[in-house]
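Because only heavy atoms are used, hydrogens play no part in the values below, and waters and symmetry mates are left out as well, while side chains stay in. Every value quoted in this text rests on a predicted model; they were computed, and no experiment measured them. Counting from 1, the numbers follow the sequence of the chain as shown.
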Amino acid sequence: MSRFESDSLEEIQSWVSSRIEAKKTFRICGRGTRFVTTISGKSGADSRDILSLQKLKATRFFDPEDMVVGVESGMSIRNLQKMLAEQNMMLPVNPWFPDSCVGSLVACNDFGPNRMNMGGLRDCIIGIEYINGKGEIVQAGGKVVKNVSGYDLTRMMLGSRGGLGVITSVNFKVMPLPVEPHGMFGIFKAETWLPQVEELHKRRIPLDWIQAASTQDSVWILGLGYSGNVAKRNRIENEISKIFGKALAVLSDGESFSGQKFTPGDNRIEGFLPKILDAWGMPESYFHVFATAATENILNFPFEIFRKENFKMLIHPIGGDIHFMHTSSDRKEQLQHLEKIKSALVHPDSKLRWVSGVPESSFQELERFGVASGYALTQRLKRHLDPAGVFSAAYYELEFDE
């Protein structure tokens, strides 16, 4: 196994072309945060070459007046948000890990609590550049919001997991930083917060994010994020108080109370998982799957069952998604956990993704929950765009009847 990295697009293109010519598969990564486990179901050492893009991290352009930016895929989301913040702007997403590269963020389609009212990556990408299965540099979309040329091609690379090409740069539309971001936080016994969140959803109160995290002793920490001038914040807080009473305390970003590390707070745009994993003390090869489901499915989900079996859960109920985690590192137990989750996801559009597990964990075990609708078409698209089969991505290798 060899590892190649360069800050030169031409050198990267040449390296990819040589692999295409030799029909030699390789994996794509930024800083390697996605290689927690191979998730391939194959035992033994992985001999595939690795293309790292972490040195390809230049800013292609930044136009604060038009609120657009283009960066190479190796730039970390932390550094991108820092650069934007200097102009009082941000990319309105909250990825899982702050040191994830932009290319990884797009290829894996990571999203978090900000997706609720700010939208996700799909709503932010206006252009993309990538190296295709012929070794060609392809540019789709553009540098301005009104330019929609190649728009579908741009969206196609979102969530492609490295299987359709090497993403080398991405153009985003950005937005102003929130005005006076605040949050209301509360600690709840059991799932008493669920009916109240459902009422929030019905009233369409303009929140930036909602996140609930299980802790211990049947306790949940619920956070509601919002922003705006004093008058707007007062209206939002009054509406929330009509539903929750005095169960929630108001805090501005940067302030804290016991347990607030479980909620986005002042890291609402820089990655929210590391602090939570550290607080929960998750060991190596811990069980972690990410589920997306319809809001009504989440609001009626049997969380009590999983809480009583020592699962840790991080929930974004409106949107919506759930991170299921467990300290178990035994393969048999992890498979039992997975089957229990699948049996509880009753909505036909619910999906699952491995985040961490024992090395033998595989996409195959997710079955229909692991793929999008029309998966057979996705596989044909993969064969068309990657005729030499060099872009290694286990997602496209699943075999089951739809």
Go through Y286 and W280 one step at a time and tell me if the ring pair (Phe, Tyr, Trp, His ring centres under 6.0 Å) criterion holds.
-> CA-CA 11 Å; Y286 72 101; W280 284 338; 9.5 Å; no
For F369 and I341, run side-chain contact (heavy atoms from CB on, under 4.5 Å): C-alpha distance rounded to whole Å, both residues' side-chain angles, the deciding distance at 0.1 Å, then the answer.
-> CA-CA 10 Å; F369 291 98; I341 293 169; over 6 Å; no
Verify side-chain contact (heavy atoms from CB on, under 4.5 Å) between L314 and L273, making sure each step is shown before the conclusion.
-> CA-CA 9 Å; L314 185 68; L273 273 183; 4.0 Å; yes
Give the C-alpha distance, both sets of side-chain angles, the deciding distance and a yes or no for salt bridge (charged side-chain N to carboxylate O under 4.0 Å, His left out) between K82 and E86.
-> CA-CA 7 Å; K82 181 180 179 180; E86 291 174 353; 5.7 Å; no
Take F172 and V106 through the side-chain contact (heavy atoms from CB on, under 4.5 Å) test and state the conclusion after the steps.
-> CA-CA 11 Å; F172 297 104; V106 173; 4.3 Å; yes
Decide yes or no on side-chain contact (heavy atoms from CB on, under 4.5 Å) for N297 and S350, but give the supporting numbers first.
-> CA-CA 9 Å; N297 190 182; S350 299; 3.3 Å; yes
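Here the side chain of S356 pairs no donor or acceptor atom with the backbone of H288 at under 3.5 angstrom. Between the side chain of K57 and the main chain of S73, no donor-acceptor pair closer than 3.5 Å is present. A donor-acceptor pair under 3.5 Å is absent between the side-chain atoms of S100 and the main chain of S104, judged by distance alone. Remark: side-chain polar atoms of K134 are not paired, donor with acceptor, to backbone N or O of P387 under 3.5 angstrom. E72 places no side-chain N or O within donor-acceptor distance of the main-chain N or O of R60, the cut-off being under 3.5 Å. Side chain of W220 to backbone of A190: a donor-acceptor contact under 3.5 angstrom is found. Checking side-chain atoms of D278 against main-chain N and O of P274 turns up no donor-acceptor pair under 3.5 Å. Formation of a donor-acceptor pair under 3.5 Å by the N171 side chain with backbone atoms of I126 is not found in this model.
The aromatic rings of F324 and F301 are tilted relative to each other, their planes meeting at an angle between 30° and 60°.
The line from OG of S392 to CG of L51 is 12.0 Å long, rounded to the nearest 0.5 Å. The CZ atom of R19 sits 4.5 Å away from the CG atom of D49 when rounded to the nearest 0.5 Å. A distance of 9.0 Å separates CG of L366 from CD of Q364, quoted to the nearest 0.5 Å. Between E191 atom CD and S214 atom OG the span is 9.0 Å, to the nearest 0.5 Å. Between the OH atom of Y395 and the CZ atom of F363 there is a distance of 8.5 Å, given to the nearest 0.5 Å. Rounding to the nearest 0.5 Å places CG of L224 at 5.5 Å from CG of L248.
Between H326 and F306, the ring centre distance reaches or exceeds 6.0 Å. A ring-centre distance under 6.0 Å is found for F391 and F26.
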Validation: residues 233-245 side-chain donor-acceptor distances under 3.5 Å, sequence neighbours left out:
from, atom 1, to, atom 2, distance (Å)
R233, NH1, G228, O, 2.8
N234, ND2, V230, O, 3.3
E237, OE2, Y226, OH, 2.6
N238, ND2, N234, O, 3.1
E239, OE2, K242, NZ, 3.2
S241, OG, E237, O, 2.8

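Under the 4.5 Å side-chain criterion, counting only non-hydrogen atoms from C-beta, L207 is not in contact with I318. Between Q196 and L222 the shortest side-chain heavy-atom distance does not fall below 4.5 Å. Counting only heavy atoms from C-beta outward, the side chains of I12 and F4 approach each other to under 4.5 Å. When side chains are defined from C-beta on, L194 does not count as touching E198, because their heavy atoms never get closer than 4.5 Å. Inter-residue side-chain proximity for S76 and P98 is flagged as unmet; no heavy-atom pair is nearer than 4.5 Å. At least one side-chain heavy atom of I315 sits less than 4.5 Å from a side-chain heavy atom of W193. Side chains of M175 and M89 form no contact here, defined as non-hydrogen atoms less than 4.5 Å apart. L164 has its side chain within reach of L381: a pair of non-hydrogen atoms, C-beta onward, lies under 4.5 Å apart.
Between the side chains of Q334 and S328, no donor-acceptor pair is found at a separation under 3.5 Å.
With sequence neighbours excluded, no residue forms a ring-ring contact (aromatic ring centres under 6.0 Å, His included) with F61. Partners of E365 by side-chain contact (heavy atoms from CB on, under 4.5 Å), not counting sequence neighbours, listed by chain and number: R331, L335, L338, W354, S361, S362. Residues that satisfy the side-chain contact (heavy atoms from CB on, under 4.5 Å) test with P176, not counting sequence neighbours, are M67. Listed by chain and number, the residues in a side-chain contact (heavy atoms from CB on, under 4.5 Å) with A388 are I20, K23, V390 (sequence neighbours excluded). Residues forming a side-chain contact (heavy atoms from CB on, under 4.5 Å) with R383 (at least two apart in sequence, or on another chain): Q379, R380.
Taking the ring centre of Y396 as origin, the terminal cationic atom of K382 falls inside the region bounded by 6.0 Å and 45° from the ring axis.
Across every non-hydrogen atom of S285 and P359, the tightest pair is OG-CD, 4.1 Å. Shown here for D7 and K55, the closest heavy-atom pair between the two residues is CB-O, 3.2 Å. Between I167 and S160, the closest heavy-atom pair is CD1-OG, 4.5 Å. Across all non-hydrogen atoms, the minimal contact from W15 to S18 is O-OG, 2.6 Å. Considering every non-hydrogen atom in both P317 and L299, the closest pair reads CB-CD2, 4.2 Å. Contact record, E136 with Q13: CA-NE2, 4.2 Å, taken as the closest heavy-atom pair.
Applying the side-chain contact (heavy atoms from CB on, under 4.5 Å) test between T59 and each of N79, V71, L80 identifies V71 as the sole match. For the side-chain contact (heavy atoms from CB on, under 4.5 Å) criterion with M157, the lone passing option out of V170, N109, I128 is I128.
Surrounding NZ of K340 are at most 12 heavy atoms belonging to other residues, nucleotides or ligands under 6.0 Å away.
With respect to the salt-bridge test (charged N to carboxylate O, under 4.0 angstrom), the residues R353 and D110 qualify.
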